[in-house]
Amino acid sequence: MRVPERPLSRVEFVALLALMTSIVAMSTDLMLPALGEIARELAAPGQNDGQLVITSLFLGLAAGQLLAGPLSDALGRRPVIFIGYGVFLVGTLLSLWTSDFTVMLVGRVLQGLGAAGPRVIATAVIRDCYQGRAMAQILSVITAVFILVPMVAPAIGQGIIYGFGWRATFGFLALVGLITLAWYWLRQPETLAPTDQRPFRPGVIWRGAREALSHRVTLGATFSIGFMFAPFIGYLSASQQIFQQTYATGAWFPLWFAAGALCFGAASLVNSRLVMRLGMRLLTRWALVSNFGCAMIFLAPVLLFGGVPPFWAFLAWLAPMLFCLGIGFGNLNALAMEPLGRMAGMGAALVGCISTLIALPFGWLVGAGYDGGLWSLVGGYAGFGFLSFLCFRWAVHGLPEHAGNA
């Protein structure tokens with residue numbers, strides 16, 4: 001196996017890890033314009049079942065993270081990257097060639113299972129090299145870089161679909177996966193020190209999980225991420241229906257979706273500049289309180305207009321919601337990972353898996369509740385936003401103000 005000798009520059013390091021992290025966003029957003037067409041061609045049974053093409057990916061992602069983290073702590077970061085991309089490519093090709101909706105969902109689960117490797121390893125590699133506010137800064141920069149993916153992916157996907165059909169989107173994913181795998185193999189050295197390797201045995205994994213979850217900061221921040229992420233999954237799953245059916249935006253759907261993604265990316269970039277001065281806890285508190293407040297305020301126009309407020313009002317509400325998500329996401333991840341320096345792989349796996357398992361069923365409920373209006377989406381943001389804030393408060397309650405900021 002080739003082992004790179006010359007370390008990456010910080011710019012290349014951020015770019016590579018952003019591309020690795022974005023594989024999930026790309027696998028999700030690239031086919032948003034095709035969900036209706038996929039459901040019709042593969043004879044999905046229900047009118048909202050096209051959303052399962054999105055949620056099944058996250059199901060595989062949750063399971064894959066539990067394997068990828070401990071394996072990376074035992075074998076090193078590089079081998080798990082190669083295994084993960086291999087599984088991802090198998091799932092991609094299965095989805096590309098299938099003519100059955102159930103097989104499509106199996107392929108999507110495999111895609112998520114494989115994508116868990118790059119996602120977990122990216123976080124673990126960052127934790128291997130950085131900690132505290134510097135880690136939060138790197139995570140925010142990477143988030144700001146990879147947010148370009150949801151800004152352009154629906155437009156790229158729509159162009160591919162118009163030119164070659166929805167199956168070609170999976171061919172595009174396979175090509176991106178191969179390019180990223182080659183880049184990592186050629187340029188990124190191993191970051192796990194031999195002294196930090198942990199054997200891949202059930203007992204060791206169980207003890208590591210108990211150790212990680214014994215930290216209240218880690219457990220509370222993980223649950224906070226899960227509840228914050230739940231309505232976002234619902235938004236992703238139902239976005240094509242909301243924009244194209246409720247508001248009849250037609251071919252303009254990728255543009256409006258990109259505008260929302262721009263708010264998320266702008267927040268991550270702002271966070272990367274503020275977190276070193278203000279700290280993770282203060283910024284996270286502001287983001288969660290604002291998230292809940294905006295959702296509660298917007299319930300009034302939703303009620304007033306029978307579930308379908310004017311399009312401009314929907315966009316005016318969506319922008320700050322996604323901005324708050326961009327502020328909170330990187331900080332909560334960094335906060336959860338802060339006590340887990342010697343077990344970054346296991347820690348990243350547990351944080352990612354538990355938060356996804358929390359978000360997935362609730363996000364599915366939010367998306368499946370779509371009935372042509374915004375009741376389910378706005379109510380989900382209000383309810384789960386409040387739970388996210390409670391978990392965060394529990395995580396940091398009683399800690400010195402500087403804890404989690406150093």
Side-chain angles (χ1 to χ4, degrees), residues 18-45 48-64 68 81-119 146 148-184 233 236-241 244 251 253-254 257-258 261 356 360 367:
L19 186 57
M20 289 168 52
T21 307
S22 69
I23 193 68
V24 176
M26 191 176 301
S27 300
T28 301
D29 301 333
L30 196 69
M31 51 213 49
L32 287 177
L35 292 183
E37 186 176 344
I38 292 173
R40 286 191 298 272
E41 182 172 329
L42 302 185
N48 288 338
D49 283 353
Q51 297 180 11
L52 294 174
V53 175
I54 303 299
T55 53
S56 57
L57 180 86
F58 287 103
L59 178 62
L61 181 68
I81 283 291
F82 305 144
I83 295 171
Y85 273 111
V87 175
F88 175 80
L89 290 171
V90 170
T92 301
L93 295 178
L94 186 64
S95 298
L96 189 158
W97 288 325
T98 187
S99 58
D100 180 81
F101 188 69
T102 301
V103 177
M104 162 65 73
L105 299 184
V106 172
R108 292 290 282 172
V109 170
L110 286 176
Q111 277 190 303
L113 194 69
R119 176 165 176 168
F146 96 79
L148 292 173
V149 172
M151 286 177 60
V152 302
I156 294 174
Q158 188 160 283
I160 293 174
I161 293 163
Y162 281 163
F164 306 98
W166 64 263
R167 295 180 186 273
T169 59
F170 289 97
F172 182 82
L173 284 175
L175 178 62
V176 172
L178 288 171
I179 291 173
T180 310
L181 177 60
W183 187 2
Y184 193 94
I233 289 181
L236 286 179
S237 301
S239 60
Q240 181 261 337
Q241 294 168 289
Q244 293 190 322
F253 160 57
F257 188 87
T356 304
L360 191 59

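When every heavy atom of Leu105 is checked against every heavy atom of Ser56, the shortest pair comes out as CD2-OG, 3.8 Å. Pairing each heavy atom of Gln51 with each of Ser237, the nearest pair is CG-O, 3.2 Å. For the residue pair Ala68 and Gly117, the shortest heavy atom distance occurs at CB-CA, 3.9 Å. Here the closest heavy-atom approach between residue Ala44 and residue Asp49 is recorded as CB-CB, 4.0 Å. A pairwise comparison of heavy atoms in Phe257 and Ser239 identifies CE1-OG, 3.8 Å as the closest pair.
Phe170 has its side chain out of reach of Leu93: every pair of non-hydrogen atoms, C-beta onward, lies at least 4.5 Å apart. Between Ile179 and Val176, the closest side-chain pair of non-hydrogen atoms is not below 4.5 Å. Val103 has its side chain out of reach of Trp97: every pair of non-hydrogen atoms, C-beta onward, lies at least 4.5 Å apart.
Scanning for side chain to side chain contact (heavy atoms under 4.5 Å, CB included) contacts around Ala155 gives Pro254, with sequence neighbours left out. In this structure, the side chain to side chain contact (heavy atoms under 4.5 Å, CB included) partners of Ala168, at least two apart in sequence or on a different chain, are Ile160, Phe164. In this structure Trp183 satisfies the side-chain hydrogen bond (donor to acceptor under 3.5 Å, both in side chains) test together with Glu12, sequence neighbours excluded.
To the nearest 0.5 Å, the span separating CG on Leu173 from CE on Met26 amounts to 7.0 Å. From Phe101, atom CZ reaches atom CZ of Arg40 across 12.5 Å, with rounding to the nearest 0.5 Å. Note: Leu360 CG to Phe58 CZ = 8.0 Å, rounded to the nearest 0.5 Å. Rounding to the nearest 0.5 Å gives a distance of 11.5 Å between CD1 of Ile161 and CD1 of Ile156. For the atom pair CG (Leu96) and CZ (Phe172), the distance works out to 13.5 Å, reported to the nearest 0.5 Å. Distance check: Leu113 CG to Leu61 CG gives 9.0 Å after rounding to the nearest 0.5 Å.
Between the Thr98 side chain and the Leu94 main chain, no donor and acceptor come within less than 3.5 Å of each other.
Listed by first and then second residue, the side chain to side chain donor-acceptor pair (under 3.5 Å) pairs that reach into residues 151-172 are Glu41-Trp166, Glu41-Arg167, sequence neighbours excluded. Applying the side chain to side chain donor-acceptor pair (under 3.5 Å) definition to pairs two or more places apart or across chains, those involving residues 106-115 are Thr92-Gln111, Arg108-Gln111.
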Output a table of donor-acceptor pairs, distance under 3.5 Å, between side-chain atoms of residues 27-39 and any protein atom two or more places apart or on a different chain; print 'none' if there are none.
residue, atom, partner, partner atom, Å
Ser27, OG, Ile23, O, 2.7
Thr28, OG1, Val24, O, 2.9

- request: Begin from the C-alpha positions of Thr55 and Leu52 and carry the test side-chain contact (heavy atoms from CB on, under 4.5 Å) through to its verdict.
  value: CA-CA 5 Å; Thr55 53; Leu52 294 174; 3.6 Å; yes

